[in-house]
Amino acid sequence: MTGALLRIDNLSCRFGGLWANRDVSFEVEPGAIVGLIGPNGAGKSTLFSMVAGAQRPTSGRLEFDGRDVTGWAPHRAARAGVGRTFQLMRVFGSMTVRENLTTAAFGRHSRLRDARRRADEVAELAGLGPVLDSPAASLTAAWKKRLEMGRALATEPKLLLLDEVLSGLTPTEAREAVEIVRTINRGGVTILMVEHVMEVIMPLCHRVVVLHYGQKISEGTPEQVAHDPTVVEAYLGKAL
Amino acid sequence: MSAPTVLRRPSPARLSGPTGRRLPSWGTAALILAALAAYPLVFADSAAHNIGILALTFGIAATGWNLLGGYAGQVSFGHALYFGTGAYTTAALVRQGWSPWLAIALSLPLAALLAAAVGWPCFRLRHHYYSIATIAVAEIVFILVTNLPGLGQANGWELPVVEQSLANLQFSLLDKRPYYYVALGFFCLAALAVWLFLRGRAGNYVRAIRDDQEAAAAVGIDVHRYKLAAAALSGAVTALAGGYYVMYVLFVDPPSGLGLDLSVSFTLMAVLGGVGRFWGPLLGAWVLVFVQDVTRQEFSGSGRSVDLLLYGALIVLVSITEPGGLLAIGQRLWAPVARRLGGGRGGKAAPEPAGSAEVKP
Ligand SMILES: Nc1ncnc2c1ncn2[C@@H]1O[C@H](COP(=O)(O)OP(=O)(O)OP(=O)(O)O)[C@@H](O)[C@H]1O
Ligand SMILES: [Mg+2]
C-alpha cells in the first residue's frame with residue numbers, strides 16, 4: 001500500500017462542553033470504500049465537516065493527498081479534491097438539476113461547454129437524466145440525495161464524502177444508489193461514507209470505522225467490526 | 001433518525017422566487033431594444049422623453065442593484081453610495097473642465113473599488129445583517145458629504161452649462177431625444193456588462209451563493225471572492241447611472257445623489273419589475289418613474305420620509321404577494337396565450353425515482 005489519501009490525526013472538535021470528536025485518528029487509502037458508522041450524535045457529520053473544511057478542528061491534524069489541509073477553507077478543500085454531500089440536503093434550489101451539476105463542474109472547467117459536458121456525464125452516471133431540467137427545489141428527498149451525490153461528483157473529487165445518501169430510501173432506490181456508489185468507486189474515486197444500515201455497509205465497504213460519543217471505538221473489516229463486543233455494546237438495543 | 005437541529009440553518013432572507021430563470025436570448029434583447037429605440041418617436045412630447053431618460057438612467061442603477069441583490073442574493077440598501085460616487089466624481093471632474101465621458105469612465109472603477117471595500121467587511125455578515133451594514137455605510141457617507149467641506153456640503157454642486165454637443169454631453173432641453181438615446185446607449189452597455197458576467201461561470205456561482213452558501217463553498221466556490229466581484233460590477237454599473245444623471249440635471253447634492261430613499265428606490269424598482277430577472281429592474285424603473293411623474297412626485301432628493309415609508313411598504317407588499325414582480329404576472333398572463341400558439345413550454349415536474357420517495361425511519 002502506498003501512502004494514505006486521507007490521514008486523520010488526533011482530530012478533535014468541541015462545541016462548548018461537548019466533544020463532537022475527540023482524538024480521532026484513522027487513514028483512508030486511495031481507491032477504498034471506507035464506512036464510518038456510529039449511533040446518532042456520534043460525531044460522524046462533524047468529522048465530515050472538518051475534512052471538508054466547513055468546520056475548524058479544535059485540535060489535531062488533517063492530511064489530504066500528501067498535504068496538510070488542517071483549517072483550510074471549504075472551497076480550497078473542494079479544489080484540492082474533497083467532494084461532499086450534506087446529510088440535510090442542500091441543493092441549489094432555484095437552479096435546475098443540470099445547472100446544479102454545471103455549477104459544480106465549473107470548478108475544473110472554466111468554459112461553459114466543457115462544464116455542461118461534465119454535467120451530462122455525471123447525470124448519466126448518477127441516473128439523473130429524468131429530472132435534468134427540473135428545478136432542484138421541486139425534487140423529492142430521494143432525488144435530492146442523488147443530486148447531492150452527482151453534484152459532489154461533478155467537482156471531480158479524489159475523495160468523496162457521502163453522508164447518509166442511502167438512508168431514507170426505498171429498497172429499490174437504495175439498491176440503485178449502491179450501484180452508483182460502486183460505479184463511482186470503480187472510476188477511481190475514493191469513498192468515505194456514513195451509513196446506518198449495516199446491510200448496506202457490509203457488502204460495500206472494504207473497511208469500517210466506528211465512532212461513539214465522538215471517539216473511535218473500533219476499526220476493521222465489516223466482519224470484524226460487526227463482531228467487536230465494544231461496537232455491539234455501543235449499539236445495544238439496536239439491531240446490527 | 002434524529003438529525004441534529006443545530007446543523008439546520010435558517011433560510012436566508014430573500015427577495016426572489018424559488019424558480020430558476022433563463023438569461024435573455026438575443027431575440028428578446030433585440031425586441032426590447034427596438035421598442036426602446038422607437039419610444040421617443042412614438043411619444044413625441046418632451047415630458048415623455050423626460051420620463052424615458054429618467055427610466056433608462058434609473059433602470060441602469062436598478063439593473064446594477066439586481067446583479068448583487070437579485071442574482072447574488074446580497075440585498076443592499078446602500079446603493080446610493082455608488083450612484084453618488086458616479087455623480088460626485090463626474091461633477092467634480094467636469095467642474096475642473098474634464099470631458100464628462102472621461103469623468104464618468106473614471107468614476108466606474110472608483111465605485112467598483114469602493115463597493116469591494118465596503119463588501120470586504122460587510123460580506124462576513126449574513127442576510128439582514130449585511131443589508132443593515134450597507135445602510136449604515138451609505139448614511140455615514142451621506143452625513144460626511146453634507147458636513148465636511150470640499151464636496152459642496154448641503155448646498156450641492158452645480159455643473160457649468162457649456163456648448164451643446166455629444167462630446168460635452170449637453171443637449172437642448174427643447175428636444176431631449178439626444179439625452180434619451182445616450183441614456184439608451186449607456187443602458188445597453190450596462191445590460192451587456194451584467195449579461196456577460198451572469199452568462200458563464202460567475203453567473204452560476206453567484207446564484208449558487210444566493211441559494212446556499214455552504215453548498216457553494218463545498219463545490220469549490222470562493223464565496224467571498226465572488227460576492228466581491230458581483231459587488232464591484234454592481235457598484236460600477238450603478239455609478240454609471242449616477243454619472244449620467246448628474247450630466248442630465250447638472251446638479252448634485254447629498255439627498256439627490258446619496259439619499260437613503262434613492263437606495264431604497266433602486267431596490268423597489270428591481271422588486272417591482274421582478275427581482276433576479278434580467279429585465280425586471282428596467283420595467284420597475286419605468287413604472288416607478290411614470291407613476292411619480294403622473295402623481296407629480298419629486299423623483300428623488302425630496303428627502304421626505306413619506307417616500308421612504310411608501311417605498312418600504314411597496315417592497316414588502318410585492319415580496320409577499322408576488323415575489324416575481326410584474327414580469328412574473330406578465331408571464332403568467334402570457335403563458336396560456338403562448339400555449340395556444342404552441343410555442344410555450346413550462347418547467348417539467350420531477351418524476352419519481354424507481355419506487356417511491358417514502359422516507360423510512
Ligand atoms: N454546530 C454545532 N454546534 C453545536 N453542537 C453541534 C454542532 N454540530 C454538531 N453538534 C453536536 O455534536 C454532536 C455530533 O453531531 P454529528 O452531527 O456530528 O453526529 P452524527 O454522528 O452525524 O449524528 P447523526 O447520525 O444523527 O447524523 C451532536 O451531539 C450534535 O448535537
Ligand atoms: Mg450526521
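Remember, predicted model here, so these are calculated numbers, not experimental data. Below, read A as the first sequence line, B as the second, and so on, with proteins coming before strands; counting in each chain starts at 1.
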Check [X] against [Y] and note the closest heavy-atom contact, atom names and distance.
X: G200(B); Y: F106(A); value: C-CZ, 4.0 Å
X: F86(A); Y: A215(B); value: CE1-CA, 3.7 Å
X: R210(B); Y: S94(A); value: NH2-OG, 2.7 Å
X: A78(A); Y: A217(B); value: CB-O, 4.0 Å

Spacing of [atom1] belonging to [X] relative to [atom2] belonging to [Y], to within rounding of 0.5 Å:
X: R90(A); Y: D211(B); atom1: CZ; atom2: CG; result: 11.5 Å
X: D212(B); Y: M95(A); atom1: CG; atom2: CE; result: 10.5 Å
X: R199(B); Y: L112(A); atom1: CZ; atom2: CG; result: 8.0 Å
X: T102(A); Y: R201(B); atom1: OG1; atom2: CZ; result: 13.0 Å

Q. Does E156(A) have any salt bridge (charged side-chain N to carboxylate O under 4.0 Å, His left out) partners at least two apart in sequence or in another chain, and if so, which?
A.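 Partners of E156(A) under the salt bridge (charged side-chain N to carboxylate O under 4.0 Å, His left out) test: R118(A).
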
Taking atom [atom1] as the centre, does [X] end up with more than 12 heavy-atom neighbours from other residues, nucleotides or ligands that are less than 6.0 angstrom away?
X: E179(A); atom1: CD; answer: yes
X: Y129(B); atom1: OH; answer: no
X: R111(A); atom1: CZ; answer: no
X: R182(A); atom1: CZ; answer: yes
X: R116(A); atom1: CZ; answer: no

(Q) Using a 4.5 angstrom heavy-atom cutoff, name the option from V219(B), V223(B), I221(B) with the most pairs to chain A. (A)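 Top count of heavy-atom pairs under 4.5 Å with chain A: V219(B).
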
Q | Under 4.5 Å from any heavy atom of chain B - which part of A104(A) | A |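 Contact with chain B: backbone and side chain both.
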
Q: List in chain and number order the residues that pass ring pair (Phe, Tyr, Trp, His ring centres under 6.0 Å) with H75(A), two or more places apart in sequence or in another chain; answer none if no residue qualifies.
A: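 Testing H75(A) for ring pair (Phe, Tyr, Trp, His ring centres under 6.0 Å), a comparison that skips the adjacent residues, returns none.
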
